[in-house]
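Some notes on the structure that comes next.
In this text, all values refer to a predicted model and were calculated from it rather than measured experimentally. We name chains A, B, ... by the order of the sequence lines, and we start the count at 1 in each one.
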There are 2 protein chains.
Amino acid sequence: MAKAPRRGPYICGIDAALDVVSGKWKGLILWELHVCRVCRFAELRRRMPGVSEKMLTQHLREMEEDGLVHREVYAEVPPRVEYSLTEHGRTLNEALGPLGVWGVERMRREGTEAVEVAEPSHG
Amino acid sequence: MAKAPRRGPYICGIDAALDVVSGKWKGLILWELHVCRVCRFAELRRRMPGVSEKMLTQHLREMEEDGLVHREVYAEVPPRVEYSLTEHGRTLNEALGPLGVWGVERMRREGTEAVEVAEPSHG
DNA sequence: CCGCATCCTTTAGGATACTG
DNA sequence: CAGTATCCTAAAGGATGCGG
């Protein structure tokens with residue numbers, strides 16, 4: 001009902017790490033939570049054009065289970081839930097740094113344009 | 001017929017990088033080719049318990065297309081094909097280094113045993 | 001030995017409607 | 001607002017058999 005077992009056994013550390021970031025939006029979630037530090041569901045969604053509610057919820061729950069994301073629920077009306085990175089989430093993000101740099105290099109090589117996300121840099 | 005389009009557009013470098021390593025065995029292929037430097041198909045397969053011929057071929061082809069893997073075909077009988085990393089493959093592997101370290105840490109935290117790969121350390 | 005073609009199952013991802 | 005439930009399609013992955 002919930003999700004496939006996941007979580008190993010792994011052959012090497014790369015395996016173990018890729019497991020928790022595999023998922024169409026997980027890298028981006030990590031990045032956005034790094035940028036805004038604390039973020040509500042709706043705002044996070046706004047920052048990620050194209051993601052569906054289902055996928056965002058699902059990915060956030062998995063990342064919470066994996067100890068990457070902290071979910072703070074406020075018993076208010078209307079409800080408020082704030083997401084942030086845990087310590088493990090932060091270290092993972094740092095570990096992803098060099099990969100991100102490599103990815104940017106790759107985009108330059110391939111001439112692949114990144115999609116503009118509310119931050120046009122050429123007016 | 002070949003494969004889905006892939007290759008962007010990406011939201012950030014992480015996206016672009018994760019795209020080329022997403023695939024059940026790609027991280028491991030990268031690692032094994034890093035270890036043995038040059039590797040034949042059969043040997044590569046032996047080093048990766050559980051992978052099917054189809055998946056190994058498919059992943060290797062995609063990684064070749066992505067400029068990560070070099071495929072050297074020798075016109076001999078019986079045929080011989082040697083795989084190795086390209087420069088981009090090597091830099092990607094280096095970029096994956098911190099992620100691998102993080103993954104090992106994660107396995108320690110979770111108590112997840114890595115599977116033994118032809119190297120039993122406890123008799 | 002290396003790999004392609006085919007068929008099949010499983011999983012990921014998306015659209016939509018509904019709820020506390 | 002922040003989800004859950006259901007249904008559906010597409011893609012990944014796996015088993016097996018054939019071919020150069």
Side-chain angles (χ1 to χ4, degrees), chain A residues 1-8 11 15 18-29 32-33 36 38-66 69-84, chain B residues 1-8 10-11 15 18-29 32-33 38-66 69-84:
Chain A
M1 187 181 282
K3 264 276 297 183
R6 302 201 317 143
R7 279 180 256 288
I11 309 234
D15 257 8
L18 285 179
D19 190 17
V20 301
V21 289
S22 68
K24 193 169 181 181
W25 307 93
K26 288 194 180 176
L28 189 53
I29 289 174
E32 294 300 342
L33 284 184
C36 54
V38 174
C39 209
R40 298 182 59 172
F41 185 85
E43 159 130 14
L44 201 48
R45 209 192 155 192
R46 237 173 297 123
R47 284 169 167 274
M48 300 168 55
V51 74
S52 69
E53 290 182 6
K54 174 193 165 186
M55 290 315 300
L56 187 51
T57 301
Q58 188 173 302
H59 279 156
L60 283 170
R61 288 296 146 88
E62 289 174 19
M63 294 170 80
E64 193 189 355
E65 266 209 49
D66 286 333
V69 163
H70 174 69
R71 180 165 172 267
E72 187 74 35
V73 183
Y74 297 88
E76 302 174 359
V77 179
R80 179 162 58 109
V81 179
E82 289 183 347
Y83 292 93
S84 55
Chain B
M1 186 181 282
K3 264 274 298 180
R6 303 200 316 141
R7 277 180 260 287
Y10 303 117
I11 309 231
D15 257 8
L18 285 179
D19 189 17
V20 301
V21 290
S22 67
K24 193 169 180 179
W25 307 94
K26 288 193 179 176
L28 189 52
I29 290 174
E32 294 298 342
L33 284 183
V38 174
C39 208
R40 298 183 58 174
F41 185 86
E43 158 129 15
L44 201 49
R45 208 193 155 191
R46 237 174 297 122
R47 285 169 165 273
M48 299 169 56
V51 73
S52 69
E53 291 181 7
K54 175 194 165 183
M55 289 315 299
L56 186 51
T57 302
Q58 188 172 302
H59 279 156
L60 283 169
R61 285 301 144 85
E62 288 175 17
M63 294 169 79
E64 194 189 355
E65 266 208 49
D66 286 333
V69 163
H70 174 68
R71 180 165 172 266
E72 187 74 35
V73 183
Y74 296 89
E76 303 173 359
V77 179
R80 179 161 59 106
V81 180
E82 288 183 348
Y83 292 94
S84 56

Worksheet item: Is there a side-chain polar atom (N or O) of Lys24(A) under 4.0 Å from OP1 or OP2 of dA11(D)?
Response: no
Item to complete: Take the protein atom NE2 of His59(B) and the nucleotide atom C1' of dC4(C), then report the distance between them rounded to whole Å.
Response: 16 Å
Worksheet item: About how many Å separate CG of Leu60(A) and OH of Tyr83(A), when rounded to the nearest 0.5 Å?
Response: 5.0 Å
Fill in: Verdict with reasoning, Leu56(A) to Trp25(A), per side chain to side chain contact (heavy atoms under 4.5 Å, CB included)
CA-CA 8 Å; Leu56(A) 187 51; Trp25(A) 307 93; 5.9 Å; no
Worksheet item: Can you tell me how far P of dT6(C) sits from CE of Met55(B), to the nearest Å?
Response: 18 Å
Item to complete: Output all residues satisfying salt bridge (charged side-chain N to carboxylate O under 4.0 Å, His left out) with Glu82(A), sequence neighbours left out; order by chain, then residue number.
Response: Arg80(A)
Worksheet entry | Whichever of Gly23(B) and Glu82(A) has its nearest DNA chain D nucleotide further upstream toward 5' | Glu82(A)
Item to complete: Report the distance from atom CG of Asp19(A) to atom P of dG13(D), rounded to the nearest whole Å.
Response: 12 Å
Worksheet, complete the sentence: By salt bridge (charged side-chain N to carboxylate O under 4.0 Å, His left out), Glu72(B) pairs with (sequence neighbours left out) none
Worksheet item: Distance check: side-chain N/O of Arg40(A) vs OP1/OP2 of dC1(D), anything under 4.0 Å?
Response: no
Can you tabulate the close N/O pairs, meaning under 3.5 Å, that link protein atoms to atoms of nucleotides 3-5 of chain D?
unit_1, atom_1, unit_2, atom_2, d
dG3(D), OP1, Arg61(A), NH2, 2.7
dG3(D), OP1, Arg71(A), NE, 3.4
dG3(D), OP1, Arg71(A), NH2, 2.6
dG3(D), OP2, Tyr83(A), OH, 2.6
dG3(D), N7, Glu53(A), OE1, 2.8
dG3(D), O6, Glu53(A), OE1, 3.3
dT4(D), OP1, Arg61(A), NH1, 3.0

Item to complete: Not counting sequence neighbours, which residues clear salt bridge (charged side-chain N to carboxylate O under 4.0 Å, His left out) with Arg45(A)? List them please.
Response: Glu53(A)
Response to the item:
When rounded to whole Å, the CG to P distance for the pair Leu56(A) and dG13(C) reads 13 Å
Discussion item. In whole Å, I'd like the distance from the CG atom of Leu18(B) to the P atom of dA12(D).
Written reply: 15 Å
Fill in: Residues that Val73(A) engages under side-chain contact (heavy atoms from CB on, under 4.5 Å), provided they are two or more places apart
Arg71(A), Val81(A)
